[in-house]
Amino acid sequence: MLTEVYWVIFVLAAIGSVYFSVRYGWWRPTVSYESPRVLMYHMIRDGIPDAKFNGLRVSPEMFDRQLKYLNEKGWTFHTITELHELAEKGLLAEKSVAITFDDGYEDNFINAFPIIKKYNAKATIYLVVDRHDRDWSGKRKEKNQGAGLLLEPKLSDDQVKEMLASGVIEIGSHTLTHDNLMSLDGQNKRKEIHDSRSKIRSDFDIDCKAFCYPFGLYGMEEVELVKKAGYTTATTVNTGIDHRLTEHPCEISRITISGKDGFYAFYQKMRTGKRGLFK
Ligand SMILES: [Zn+2]
């Protein structure tokens, strides 16, 4: 009887350790800190029970804990444009990190901005120019239509201006309408990529050097249009740590920070670029 109990415990422990290893990849080697980390966030707000897209909602408490950790561990924060320019000059220090936010949600101003200032951090926000009253949830997958991103308040121009005035926030473009670029003809692709830059430049009286592909969808045609429009970097949703930032600055990989992750997953992602074996 006793040996059977031991066997059950042994088997359960074995299953548990395999699960933990696959989920968190603790055994993966640390990627050199000479390679900068580019983090992808969307919203900083509590998740909504039973809602879709809770992976995009990182709670303010968790965001605070993550920035506190980076600050204490000696990471240096840069905007994506600073990160790229330093890398080009060969001046990028070890443990450099760029925080990025996609879409332009109002909680970036209400919840994230105070935490960014608290830890002397910086961030780049990729703004959808015509972001109000627009639902892009289903532009990639039809089944996501109406799944709630429409109801999320977006940044006002005044909030954007206040963040720009602080000097710690860079504004990049995430197109005019967050359409799926792969579904558009050449002329409309160009409009989304080129005209969004001109609009951001004139609306906020700034340069706009950073671009982010909606849904991370792009091909060589989009990369060329992005360069031609005058952007110097573009981020994707290819996951992981980018070792060759200067070789392909318009196809930058990012580390996905999910609202579904606990702090241990964040720690692993900073170390290896991924949480576990697959994500
Ligand atoms: Zn987006």
Side-chain angles (χ1 to χ4, degrees), residues 38-45 47-48 51-58 63 79-81 98-109 111-112 123-157 159-160 163 169-184 188-189 191-197 199-200 208-219 222-223 225-226 229 231 233-240 242 250-260 279:
V38 181
L39 312 184
M40 174 176 70
Y41 292 88
H42 286 77
M43 289 170 258
I44 301 299
R45 56 156 295 170
I48 302 169
K52 274 197 180 184
F53 297 122
N54 273 334
L56 305 185
R57 299 184 177 99
V58 174
F63 186 61
T79 64
I80 194 77
T81 297
I99 292 171
T100 66
F101 293 95
D102 291 11
D103 302 344
Y105 297 100
E106 189 181 36
D107 57 55
N108 295 180
F109 174 77
N111 298 329
T124 299
I125 296 175
Y126 297 110
L127 211 58
V128 175
V129 171
D130 295 326
R131 58 198 170 279
H132 301 288
D133 302 318
R134 184 177 289 284
D135 187 13
W136 50 77
S137 313
K139 287 285 182 180
R140 179 168 58 166
K141 290 184 194 155
E142 192 76 48
K143 69 179 173 72
N144 287 335
Q145 189 70 41
L149 296 183
L150 169 69
L151 300 173
E152 293 289 344
K154 312 298 187 306
L155 289 164
S156 71
D157 283 4
Q159 290 168 333
V160 171
M163 290 194 287
I169 302 291
E170 171 186 32
I171 294 294
S173 164
H174 200 31
T175 70
L176 290 174
T177 68
H178 206 296
D179 209 336
N180 176 349
L181 292 175
M182 309 307 277
S183 71
L184 304 178
N188 281 308
K189 276 186 219 275
K191 194 168 167 236
E192 289 282 349
I193 295 168
H194 181 276
D195 293 7
S196 59
R197 178 167 186 256
K199 188 83 171 64
I200 287 172
C208 178
K209 294 182 175 176
F211 182 81
C212 173
Y213 302 99
F215 312 106
L217 298 172
Y218 71 97
E222 285 71 29
V223 171
L225 284 168
V226 162
Y231 298 102
T233 66
T235 46
T236 67
V237 296
N238 304 334
T239 58
D242 217 309
C250 291
E251 292 174 77
I252 297 174
S253 302
R254 293 185 288 178
I255 301 174
T256 312
I257 307 300
S258 169
K260 294 178 180 173
K279 284 187 173 178

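Everything quoted here is computed from the prediction, not taken from an experiment. Counting starts at 1 for both ligands and their atoms, in listed order.
Taking 4.0 Å as the cut-off between side-chain N and carboxylate O, D157 and R131 count as a salt-bridged pair.
The closest side-chain donor-acceptor pair between S156 and E106, if any, does not fall under 3.5 angstrom. Side-chain contact check for Y105 and D107: no donor-acceptor pair (N or O, by modelled atom type) lies under 3.5 Å.
Around the Zn ion (ligand 1), the protein contributes the following N, O or S atoms at distances under 2.8 Å: D103 OD1, H174 NE2, H178 NE2.
Side chain of E222 to backbone of G219: a donor-acceptor contact under 3.5 angstrom is found.
Ring geometry for H174 against Y126 counts as tilted: the plane angle lies between 30° and 60°, on a 0 to 90° scale.
Judged by a 6.0 Å distance limit and a 45° cone about the ring axis, R197 is positioned over the six-membered ring of Y231.
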